[in-house]
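Accompanying notes for the structure given below.
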Amino acid sequence: MSEKFEVIVIGGGPGGYVAAIRAAQLGLKTACIDNYTGKDGKPSPGGTCLNVGCIPSKALLDSSKHFHHLQHEYGAHGISVKEAAIDVPQMIARKDGVVKKLTGGVSQLLKGNKVSFYHGKGRLGVDRSVQVTPADGGDVVSLQGDNIILASGSVPIEIPGVAFDGEFIVDNVGALDFDHVPETLGVIGAGVIGLELGSVWNRLGSKVILLEALPDFLALADKDISKQAAREFKKQGMDIRLGTMVKSASVENGKVNVTVEDAKGKGTHTFDRLLVSVGRKPYTDGLLGDDCGVRLTDSGQIEVNDQSQTSVAGVWAVGDCVRGPMLAHKASEEGIAVAELIAGKPAHIHFDTVPWVVYTDPEIAWVGKTEQELQAADVEYRTGSFPFAANGRALAGGHAAGMVKMLADTESDEILGVHIFGANASELISECVVAMEFQGSSEDLARIIHAHPTLSEAIHEAALHLDGRAIHRGN
Ligand code: FAD
Ligand code: AMP
């Protein structure tokens with residue numbers, strides 16, 4: 001006999017566990033199946049995000065930022081220490097503690113909301129049946145759902161000729177767990193993950209070289225922002241080699257030899273460790289029974305419509321395993337929307353207002369269109385910008401680098417995009433997301449009172465500048 005549920009969620013990352021909690025809040029009998037096992041051998045719901053993604057990377061970014069500031073920035077404040085030292089195992093243990101606290105919190109939330117949790121691998125069969133193979137090797141459990149939400153996430157892409165070995169050639173999991181600071185670290189791919197994890201080890205003293213195939217740095221970001229960011233990261237000692245395609249890598253005598261091809265021809269690099277961060281791909285291994293009827297796209301994503309419905313009635317999919325940006329908040333919002341649709345409520349996600357953040361120092365954050373996208377789409381727009389070097393709070397805190405750039409429709413003045421490179425950009429962008437979600441204009445932001453002195457005044461000034469009336473800079 002199969003136990004029956006109104007909703008069965010397969011995958012317990014920010015897409016899956018959030019969908020399960022919302023479904024349970026709406027009174028639906030819900031199960032959540034997740035196979036992630038923590039370092040302590042226990043279930044560890046929270047997916048990539050909590051275990052080996054967003055949260056542990058930010059924990060290490062914060063630790064390494066303190067160390068770096070102690071060595072390079074506190075002197076200006078008149079603060080000095082005789083000798084700064086980094087205890088890598090302690091830093092990693094702190095990070096693991098943060099992960100444990102949060103994944104434990106997810107378990108509690110699932111329990112508190114009366115979601116039945118299964119620690120194991122879920123496989124979808126015909127007519128919304130699900131088989132769970134328990135992680136502890138117990139007997140297979142059969143479940144039956146009125147609705148199934150697939151939230152199986154993603155895994156790192158491996159490059160042919162550059163095989164992960166978990167020690168010298170690693171993915172995000174390995175780079176979050178080095179037991180010492182590698183003298184030299186090669187990073188393949190100067191995308192979000194490569195930049196964040198490259199920053200961590202660069203700040204702790206590694207000589208970091210980023211090898212990026214594309215000729216442009218951070219091609220998804222607005223060009224004014226990516227140009228400033230590239231300059232700033234170079235000053236911090238990050239060596240970013242654009243137009244450099246990695247061809248192969250091999251480990252010899254404890255060193256990684258990497259062959260590359262760039263405009264000058266073939267070359268080689270030798271590193272102590274190599275991080276491969278060339279993107280992620282949807283993970284559906286073992287998820288779909290042969291006869292379940294769920295279709296995949298050519299690129300391996302689970303095919304869904306704009307309401308996250310798959311090709312099978314009652315089967316939904318959210319997060320990294322479907323189209324759209326691979327971001328935790330996008331996964332969670334999709335999960336909530338699907339739970340609400342199942343409960344018969346209206347729900348919709350505005351993909352145009354999903355914020356993007358790169359947690360470098362300074363941070364990069366944006367929402368909406370870049371100037372290049374507007375040009376390509378022949379949209380008439382106006383631009384306003386403001387440098388943090390002219391913002392009192394930024395100067396007081398020693399955060400003079402960066403800028404805010406705002407783009408608005410020439411005719412209607414609706415905000416079409418905001419791009420921030422600067423301290424706390426990850427928090428500052430929220431105001432712009434709200435404004436865009438309400439179809440706000442640059443004039444709306446220009447007329448809203450911003451507290452003084454705050455970094456958010458740079459957003460206010462960029463909005464004023466868009467109309468040629470900035471106060472603290474020339475127009
Ligand atoms: P996942 O988080 O991958 O969760 C899927 C879960 O399902 C996993 O636990 C997996 O084990 C489980 N699973 C898969 N198949 C099955 C099955 N058949 N049965 C049972 N369980 C299964 N995003 C941000 O928004 N901000 C950030 O700062 C950020 N930083 C990141 C840093 C790094 C280093 C990495 C790698 C990613 C980062 N991301 C960030 C991306 C973010 O982690 C993902 O977008 C997010 O985790 C996707 O959520 P998800 O629920 O779709 O999938
Ligand atoms: P992201 O998708 O943000 O994680 O970025 C991954 C980056 O890796 C992209 O900018 C790709 O251009 C880059 N990349 C992919 N394959 C290679 C390769 N073989 N050599 C160097 N860079 C690569």
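We count ligands from 1, going down the list as the structure has it; atoms in each ligand are counted the same way.
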Give the residue, atom name and distance (to 0.1 Å) of the protein heavy atom nearest atom 38 (C) of ligand 1.
-> Cys54 N, 3.9 Å
For atom 32 (C) of ligand 1, closest protein heavy-atom neighbour | Gly53 C, 3.4 Å
Ligand 2 to Leu214, heavy atom cutoff 4.0 Å, flagged ligand atoms 12 (O)
For Gly122, atoms of ligand 1 separated by under 4.0 Å from a heavy atom | 17 (C), 18 (N), 19 (N), 20 (C)
Identify the closest protein heavy atom to atom 16 (N) of ligand 2: which residue and atom is it, and at what distance?
-> Val278 CG1, 3.6 Å
Taking everything shown except Glu261 itself, do over 12 heavy atoms lie less than 6.0 Å from its CD?
-> yes
Is it true that the side chains of Ser142 and Gln131 contain a donor and an acceptor less than 3.5 Å apart?
-> yes
If we number the atoms of ligand 1 from 1 as shown, the ones under 4.0 Å from a heavy atom of Met326 are 41 (C), 45 (O)
For Tyr283, counting its heavy atoms only, list the atoms of ligand 1 lying under 4.0 Å from any of them.
-> 14 (C), 15 (N)
Heavy atoms only: which of Gly191, Pro215, Pro160 is nearest to atom 5 (O) of ligand 2?
-> Gly191
What's the shortest distance from atom 12 (C) of ligand 1 to any protein heavy atom, and which residue and atom give it?
-> Asp34 OD1, 3.2 Å
For ligand 1, note which part of Val52 has a heavy atom under 4.0 Å away: side chain, backbone, both or neither.
-> backbone
Pick one of side chain, backbone, both or neither for how Val260 approaches ligand 2, counting any non-hydrogen atom pair under 4.0 Å.
-> neither
Could a heavy atom of Lys58 be found less than 4.0 Å from some atom of ligand 1?
-> yes
Ligand 2 to Ile159, heavy atom cutoff 4.0 Å, flagged ligand atoms 19 (N)
Tell me, which protein residue and heavy-atom name are nearest atom 11 (C) of ligand 2, and how many Å apart are they?
-> Glu212 OE2, 3.4 Å
Which atoms of ligand 2 are found less than 4.0 Å from any heavy atom of Val192?
-> 3 (O)
The answer for which part of Ser154 has a heavy atom under 4.0 Å from ligand 1 is backbone
Specify the protein heavy atom at minimum distance from atom 10 (C) of ligand 1: its residue, its atom name, and the distance to 0.1 Å.
-> Asn35 OD1, 3.7 Å
Kindly indicate, with the supporting measurements, whether the criterion side-chain hydrogen bond (donor to acceptor under 3.5 Å, both in side chains) is fulfilled by His69 and Asp361.
-> CA-CA 11 Å; His69 283 187; Asp361 185 17; 3.3 Å; yes
Among non-hydrogen protein atoms, atom 20 (C) of ligand 1 lies closest to Gly120 O, 3.2 Å
What is the nearest protein non-hydrogen atom to atom 52 (O) of ligand 1, stated with its residue, atom name and distance?
-> Asp320 N, 2.9 Å
Considering only the protein, which heavy-atom contact is closest to atom 18 (C) of ligand 2, and what is its distance?
-> Met245 SD, 3.6 Å
Can you tell me which residue and heavy atom of the protein come closest to atom 2 (O) of ligand 2, and the distance to 0.1 Å?
-> Gly279 CA, 3.7 Å
Can you check whether Ala190 has an N/O within less than 3.5 Å of an N/O in ligand 2?
-> no
Is the count of non-hydrogen atoms from other residues, nucleotides or ligands lying under 6.0 Å from Asp290 atom CG greater than 12?
-> no
Closest protein heavy atom (residue, atom, distance) for atom 20 (N) of ligand 2 = Val246 N, 3.0 Å
